[in-house]
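Counting from 1, the numbers follow the sequence of the chain as shown. When a ligand or atom number is given, it counts from 1 through the structure's own listing order. Please read these numbers as outputs of a predicted model, since none were measured by experiment.
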Amino acid sequence: AGPDEADEAVRGTCEDASVCKRFAVSVGYWKDPYIQYFVRQAKERKAPEINRGYYARVHGVSYLIKAFLEKTECNCQVINLGAGMDTLFWRLKDENLLPRKYFEVDFPMIVARKIHNIKSKPPLSKPIMESHSGDSLLIDSHSLDSSRYSILGADLRCSADLEEKLRKHGLDGHLPTLLVAECVLVYMTPQQSANLLRWAASTFPVAMVINYEQVNMGDRFGQIMIENLQRRQCNLAGVELCSSLDSQRERLLASGWEHARAIDMMKVYSLLPQADVKRCHSGSPNSFPRSLPSSVGSPGVTEQAAGAAQGDTNC
Ligand code: SAM
């Protein structure tokens, strides 16, 4: 595939992620009143392993984000890299946990779609207006800038352009900064993701990065993921290089981060609230069963979360 087709394939993964999340929400794995405004309902049911994998992913990433927000008492900024149709801004606002500013970055085409949804759906636009103060809110087809929330179209493989756009939208280099990459770095070559991580490490003196992506690609679920990426004609170089927890940690340390920790999703799953996990294993998480099935299986995910921190937040 040529570069444009390869990028189109990567953009398609945004739809995959949000359709799966919406399906899992619709059958009760977790609550997200906003995802319905961004994506259609899946035509077919998703396998329980997929739902449980997304449940653990969303829970794990939110847990780390909230830990950072609490540690900094929300005096911080969050940059969601490759945010797709993520709804975290709205969920944090509902919980009174908005950072000083929440930025989202994705390809301009994805951003345009997101902004179109926001403009046409009051449950999405109202919370942005409510959190906005001062001059009028800037919005066009490829970017939105309000006092607490910004979306901008940029290619994460070009950090100079990314930084310029973020600065235009009010990025503050001195605030503690949380960078989130949920299933995003895997779509870049190792060189490109290392450049992005190096840029982040050298730009923000107090920062943490949350990276969630696939490891253990040799097992059954890994193979399904690789087949899916091959069908979409995505570049697999990133998948191959960072295929273990150690290589994930090493990549972060080699890119200028002072500390790095990585855990796999089986571990995350074991740390989730167990009453909730049992409810999800009942086969029908919408209902709270009186008795649980005797065999409680594994989450069936092969993905992992890695984080790196620097400066004195110690989150
Ligand atoms: N983070 C979201 C989530 O977990 O729901 C979306 C994940 S989706 C699998 C990957 C996202 O990363 C897509 O929205 C894609 O467009 C974005 N992305 C990948 N490479 C990118 C790049 N070079 N520049 C901007 N966005 C990129």
Side-chain angles (χ1 to χ4, degrees), residues 1 3-25 29-30 32 34-35 37-39 42 46 50-51 53-62 64-65 78-91 102-115 117 142-143 151-163 165-166 178-197 199-200 209-214 225-226 228-229 231-239 265 301 303-305:
D4 289 350
E5 285 148 310
D7 285 357
E8 189 49 37
V10 171
R11 283 190 287 269
T13 65
C14 163
E15 177 85 1
D16 294 344
S18 37
V19 168
C20 288
K21 285 182 179 176
R22 176 161 181 189
F23 182 81
V25 165
Y29 279 83
W30 71 92
D32 182 345
Y34 303 103
I35 187 108
Y37 301 115
F38 285 115
V39 69
K46 303 282 175 194
I50 304 272
N51 296 326
Y54 273 95
Y55 157 72
R57 162 175 164 176
V58 168
H59 233 290
V61 172
S62 305
L64 292 173
I65 293 174
V78 175
I79 309 177
N80 194 333
L81 303 164
M85 298 298 137
D86 196 277
T87 56
L88 190 66
F89 168 79
W90 291 268
R91 289 181 285 128
Y102 185 90
F103 298 88
E104 289 187 347
V105 185
D106 210 298
F107 282 120
M109 240 187 257
I110 300 286
V111 163
R113 200 193 312 159
K114 192 160 194 175
I115 291 176
N117 286 324
H142 287 93
S143 72
I151 321 181
L152 51 105
D155 188 333
L156 299 171
R157 293 166 296 191
C158 179
S159 41
D161 180 54
L162 171 66
E163 181 168 344
K165 287 180 173 159
L166 284 168
L178 175 63
L179 298 115
V180 182
E182 184 182 330
C183 220
V184 174
L185 301 186
V186 73
Y187 300 113
M188 298 179 198
T189 66
Q191 186 66 47
Q192 290 162 346
S193 55
N195 286 347
L196 181 64
L197 292 170
W199 164 77
V209 59
I210 300 171
N211 175 39
Y212 169 95
E213 67 184 335
Q214 290 74 9
M225 157 100 191
I226 288 192
N228 193 17
L229 292 175
R231 214 176 22 251
R232 288 192 168 281
Q233 300 187 306
C234 288
N235 186 327
L236 291 175
V239 176
M265 292 307 290
V301 290
E303 292 148 314
Q304 61 101 45

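Of the protein's heavy atoms, Val10 CG1, 3.2 Å lies nearest to atom 19 (C) of ligand 1. In this structure, the protein non-hydrogen atom closest to atom 7 (C) of ligand 1 is Glu182 O, 3.6 Å. Looking only at protein heavy atoms, the nearest one to atom 22 (C) of ligand 1 is Phe107 CZ, 3.3 Å. Counting protein heavy atoms only, atom 8 (S) of ligand 1 is closest to Thr13 OG1, 3.5 Å.
Within the 4.5 Å cutoff, no side-chain heavy atoms of Ile110 are placed close to those of Glu15. Counting heavy atoms from C-beta outward, Ser143 and Val111 have side chains that stay 4.5 Å or more apart. The closest side-chain heavy-atom distance from Tyr54 to Cys20 is below 4.5 Å. A 4.5 Å side-chain heavy-atom check between Leu152 and Lys165 finds at least one atom pair inside the cut-off. With a 4.5 Å cut-off on side-chain heavy atoms, Glu104 and Lys114 count as touching. Residues Leu88 and Tyr102 meet the side-chain proximity criterion, which asks for heavy atoms closer than 4.5 Å. For the pair Ile151/Ile115, a side-chain contact is recorded, criterion being any heavy-atom separation below 4.5 Å from C-beta on. Counting heavy atoms from C-beta on, the side chains of Trp30 and Val25 come closer than 4.5 Å.
Ligand 1 has no N or O atom lying under 3.5 Å from any N or O atom of Asp86, backbone or side chain. For ligand 1, the polar-atom distance check against Arg57 finds a nitrogen or oxygen pair separated by under 3.5 Å.
Only side-chain heavy atoms of Lys21 come within less than 4.0 Å of ligand 1; its backbone N, CA, C and O stay farther off. In Gln192, neither the side chain nor the backbone holds a heavy atom less than 4.0 Å from any atom of ligand 1. Contacts with ligand 1 closer than 4.0 Å are made by no heavy atom of Ser18, backbone or side chain. Under 4.0 Å from ligand 1, the heavy atoms of Tyr187 that appear belong solely to its side chain.
Within the structure, the closest approach of Ala154 to ligand 1 falls below 4.0 Å when heavy atoms are considered.
Close approach of ligand 1 to Asp155 is summarised as follows: ligand atoms under 4.0 Å from at least one heavy atom of the residue are 22 (C), 23 (N), 24 (N). Interface of Val184 with ligand 1, defined as ligand atoms under 4.0 Å from a residue heavy atom, comprises 12 (O). Annotation for ligand 1: atoms under 4.0 Å from non-hydrogen atoms of Ala17 are 5 (O).
The heavy-atom pair separating Ser18 from Ile35 by the smallest distance is O-CD1, 4.0 Å.
A tilted orientation is assigned to the rings of Tyr34 and Tyr37, their planes being inclined by 30° to 60°.
Proximity of the aromatic rings of Phe38 and Trp90 is defined here by a centroid distance below 6.0 angstrom, and this criterion is met.
Heavy-atom proximity to atom 24 (N) of ligand 1, evaluated over Leu156, Leu162, Val58, Leu88, is greatest for Leu156. Of all the listed residues (Leu196, Val186, Asp106, Val111), Asp106 holds the heavy atom that lies closest to atom 26 (N) of ligand 1. Closest heavy-atom approach to atom 1 (N) of ligand 1 within the set Cys183, Gly82, Gly84, Cys14: this belongs to Gly82. Counting heavy atoms only, Ala83 comes closest to atom 2 (C) of ligand 1 of the residues Ala83, Gly12, Cys158, Ala9.
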